[in-house]
Amino acid sequence: MAQKKPEKLIDEKDVRLDGRGLKELRPMKIEVGVLGNADGSAYIEQGKNKILAAVYGPKEAHPKHLAIPDRALLRCRYHMAPFSVEERKSPAPSRREVELSKVIREALEPAVFVEYYPRTSIDTFVEVLQADGGTRCAAITVASLALADAGIPMRGLVAACAAGKVEGRLVLDLDDIEDKEGEADLPLAWMSHSNAITLLQMDGSLTLDEFGQAVNMAVEGCKQIHGLQKETLKAKYVAVKEEVEE
Ligand code: UDP
């Protein structure tokens, strides 16, 4: 059943429907190394989004004609499970999934030292188990951790989140209803280390001034997410080190 639009998405005290402030991220939970059979993996919950990422590689590229002589071929598949959204989604890849696979790969590639592994492929699979807006961003955040968990050398981690405009106000990390009913959505990915933006898209319309503010808001959100990414990776490897020492 389709979600009904409530009368107001933001009340007079600037509190959003789910209780968040305008510049607040959804509650997040991240885990790394969640799958036994992948070289690297990670899982994220961001609000109601639940997304799994798995990485295989670097391994010999197949089919061989796709191998690149001076670097690894980074591939990415973003897929939504049929049960991930309110209205059952066909399991066949949609145009949207093909587009998102491309933008996620392009957001991650600048962070990976692909030149270290010529003629190989690094395959990243993103499975959206439950979607509630902003899945491309959460997919980038979790895939970046899965790449790190696979031990692939990276310049930095990539974190992503959207900012946008809802009922005339700029907000961070839009959920599904804010995305659908709002005036603008601006997903952005940010790479730590070089402070570079590796994805910037926009749906809807913003003034030039709002655009600048939304970009800054999204970068701040990414920095918070990056903090959580680092903590999660550290916690895992401290635990592994302690196990080895015991
Ligand atoms: N969505 C859906 N069915 C679909 C595709 C998307 O219900 O087939 C919902 C889902 O909650 C998704 C949201 O629409 O997160 C926004 O989709 P969009 O294409 O803007 O990408 P996203 O914001 O997830 O990166």
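These values consider heavy atoms only, across backbone and side chains, with no hydrogens, waters or symmetry-generated copies. Read the numbers this way: they start at 1 and go in the same order the structure lists the ligands and their atoms.
In terms of polar-atom proximity, defined here as any N/O pair under 3.5 Å, Arg136 does make such a contact with ligand 1.
For Asp11, the side-chain contact (heavy atoms from CB on, under 4.5 Å) test picks out Lys13, Val15, with sequence neighbours left out.
Under 4.0 angstrom from ligand 1, the non-hydrogen atoms of Val85 all belong to its side chain.
Using a cut-off of 4.0 Å between Lys/Arg side-chain N and Asp/Glu carboxylate O, Glu178 and Arg16 are scored as salt-bridged.
Taking every heavy atom of Ala131 and a limit of under 4.0 angstrom, the matching atoms of ligand 1 come to 10 (C), 11 (O), 15 (O). For ligand 1, the atoms lying closer than 4.0 Å to a non-hydrogen atom of Asp176 are 9 (C), 11 (O), 13 (C), 14 (O). In summary, the atoms of ligand 1 found under 4.0 Å from a heavy atom of Asp179, numbered by their order in the structure, are 16 (C), 20 (O), 23 (O).
Residue Lys180 places a heavy atom less than 4.0 Å from ligand 1. The closest approach between Arg96 and ligand 1 falls below 4.0 Å for a heavy atom of the residue.
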Self-check item: Stepwise side-chain contact (heavy atoms from CB on, under 4.5 Å) test for Glu45 and Met28
Solution: CA-CA 5 Å; Glu45 288 182 6; Met28 285 177 69; over 6 Å; no
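The nearest heavy-atom contact from the protein to atom 8 (O) of ligand 1 is Lys89 CG, 4.0 Å. For atom 24 (O) of ligand 1, the nearest non-hydrogen atom of the protein is Thr135 OG1, 2.5 Å.
At most 12 non-hydrogen atoms from other residues, nucleotides or ligands lie less than 6.0 angstrom from OH of Tyr116.
The salt bridge (Lys or Arg N to Asp or Glu O under 4.0 Å) contacts involving residues 65-76 comprise Arg71-Glu109, Arg75-Asp123, where partners must be two or more places apart or lie in separate chains.
Taking 4.5 Å as the limit, every side-chain heavy atom of Leu157 sits out of range of all side-chain heavy atoms of Met191. Taking the side chain as every heavy atom from C-beta outward, Val171 and Lys165 never approach each other to under 4.5 Å.
Distances from atom 12 (C) of ligand 1 to the heavy atoms of Gly164, Gly133, Gly134 show the closest one on Gly133.
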